[in-house]
> 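My structure is below; once you've seen it, I'll send some questions.
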Amino acid sequence: MMTGEQYRDSLRRLKLEVYYLGERVDSVVDHPALRPHVNSAAATYDLAHDPETEDLGTAKSHLSGERVNRFTHIHHSPDELVKKVKMLRALGQRTGTCFQRCVGHDALNALFSVTYDVDAQRGTGYHARFLEYLKYIQQNDLMIDGAMTDPKGDRSLSPGKQADPDLYLHIVERRPDGIVVRGAKAHQTGAVNSHEIIAMPTAAMGPDDADYAVSFALPSDTPGLIYVFGRQSNDVRRLEEGDVDLGNARFGIVGGEALVIFDDVFVPAARIFMCGEYDFAGSLVERFASYHRQNYGGCKTGVADVLVGACVAAADFQGTAKASHVRDKITEMVHLAETLYCGSIACSLESRRLAAGNYFVDPLLANTTKLNVTRFIYEIGRLAQDIAGGYIATTPSERDLRHPKIGPLVAKYMQGVAGVPAEHRIRIGRLIENMTGGTALAEAMHGAGSPQAQRVMILRQANLEHKRRLALRLAGIADQ
Ligand code: SF4
């Protein structure tokens, strides 16, 4: 298993074609805008080597019997799914942000079962192929971008009916030794600092969409793969001197997302896990999405723990810690965060064994958890801003704080309680500002799929007919 430092070194050996602010990025590890996301992903490697957390950060591979990083492991019990949630909370607490590696983990677990199911019905050989790939990932402890979301163009049209056929990733050529694909994947968390990319279809598909029902894995620096790194709130602050205004200078905000373009990319046959089996696309989407929605009550709860702590510190620094309304608001933040955690633990414990032998979370509970995130993280952020006060939106910059003439004046008038340096108050305010604004909130809304996607799955799983029968029986309208 790699350490965080070895992970960084391994990224330096890759030759990805990455662009940011209209310029080619030489090294994702050393670029100031990308470095925090690399650090955050590196935490997933360090966690596995920390004696305090190795039980969460590692697992015994069912393939080799060796200990592997849990992010490369296939869940074989409800307890392993619970450990995943606890691992994500621990990482959220350490980084205060997204550490990105879960998308690849969830892609591995979804493909493990779906390749098995396709083979069972079609006599294809995808599962054995996938297992070889999984061994390679586990042995080399690689980080994977699990790439599902297509740009989608006109949302009212299916993939095959788009004016531009490339708005969904699709096969443009079939060869004896593989396929050539064209299209893109949007919002790809951690893509620029992953070793591998696993592409999956983004939605259930019909017979007309067979060329879009494609799943495969590629090294992230495969020729033809182009990455355009997305902007985030306050991102140019990373290009300035100093670290105060960043709030979380070491690990950044959210995951670092990219538009990944597949510009006629060749995929060798050994790396193809679905190729035209359109009737399995929906099942792959549902499994990947449910695993990823399970995560959100883990990672977001860990991040919320940091935010609660920041509010406690802010209240201390400005003399409001004993105010009953502040204590009430902090209680509410904790309540909301723990409710999210309950959902993730519950969907793990209510998991079921699939035909392939791995465990799948309860999709109703997993989707409910993620839908709660789209509300609760906003409310937690609102309460944090309320407790902190308006200075999180108006504080002068670090450059003003360091200025020989106005710096001492800024510090004098940013002072809270006596004895706490003004810079401490400013730093905690910047942390709250960056954790509760712009990109951080939009990610809570749309990461792991937009709320409507969760509503669709909740309604599908809700078994309304059963509930109807319960009511009819109690109302004396029907016996059963
Ligand atoms: Fe993992 Fe997604 Fe949470 Fe990021 S937002 S830490 S990728 S589950």
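Counting convention: from 1, in listed order, for ligands and their atoms alike. What's counted below: heavy atoms across the whole structure, side chains too, no hydrogens, waters or symmetry copies.
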> Does the cation-pi check pass for Arg353 over Phe360, that is, NZ or CZ under 6.0 Å from the six-membered ring centre and within 45° of its axis?
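So Arg353 doesn't make the cation-pi contact.
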
> What are the atoms of ligand 1, with element, lying closer than 4.0 Å to any heavy atom of Glu443?
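Atoms satisfying the 4.0 Å criterion: 5 (S).
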
> Answer yes or no on whether Arg101 is positioned over the face of Tyr45, meaning its NZ or CZ is under 6.0 Å from the six-membered ring centre and within 45° of the axis.
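Yes - Arg101 lies over the ring of Tyr45, closer than 6.0 Å to its centre and within 45° of its axis.
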
> So with a 6.0 Å cut-off around OH of Tyr341, is the heavy-atom count from everything else above 12?
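More than 12 within 6.0 Å, yes.
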
> Are the aromatic ring centres of His75 and Tyr359 under 6.0 angstrom apart?
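No, the ring of His75 stays outside the 6.0 Å limit from the ring of Tyr359, centre to centre.
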
> Output, by chain and residue number, all protein N/O/S atoms separated from atom 3 (Fe) of ligand 1 by less than 2.8 Å.
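The answer is Cys299 SG.
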
> Using a strict 4.0 Å threshold on nitrogen-to-oxygen distance, state whether Asp243 and Arg427 make a salt bridge.
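Yes, Asp243 and Arg427 are salt-bridged.
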
> Can you establish whether the number of heavy atoms outside Asp26 located under 6.0 Å from its atom CG is more than 12?
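Open: at most 12 neighbouring heavy atoms sit under 6.0 Å from CG of Asp26.
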
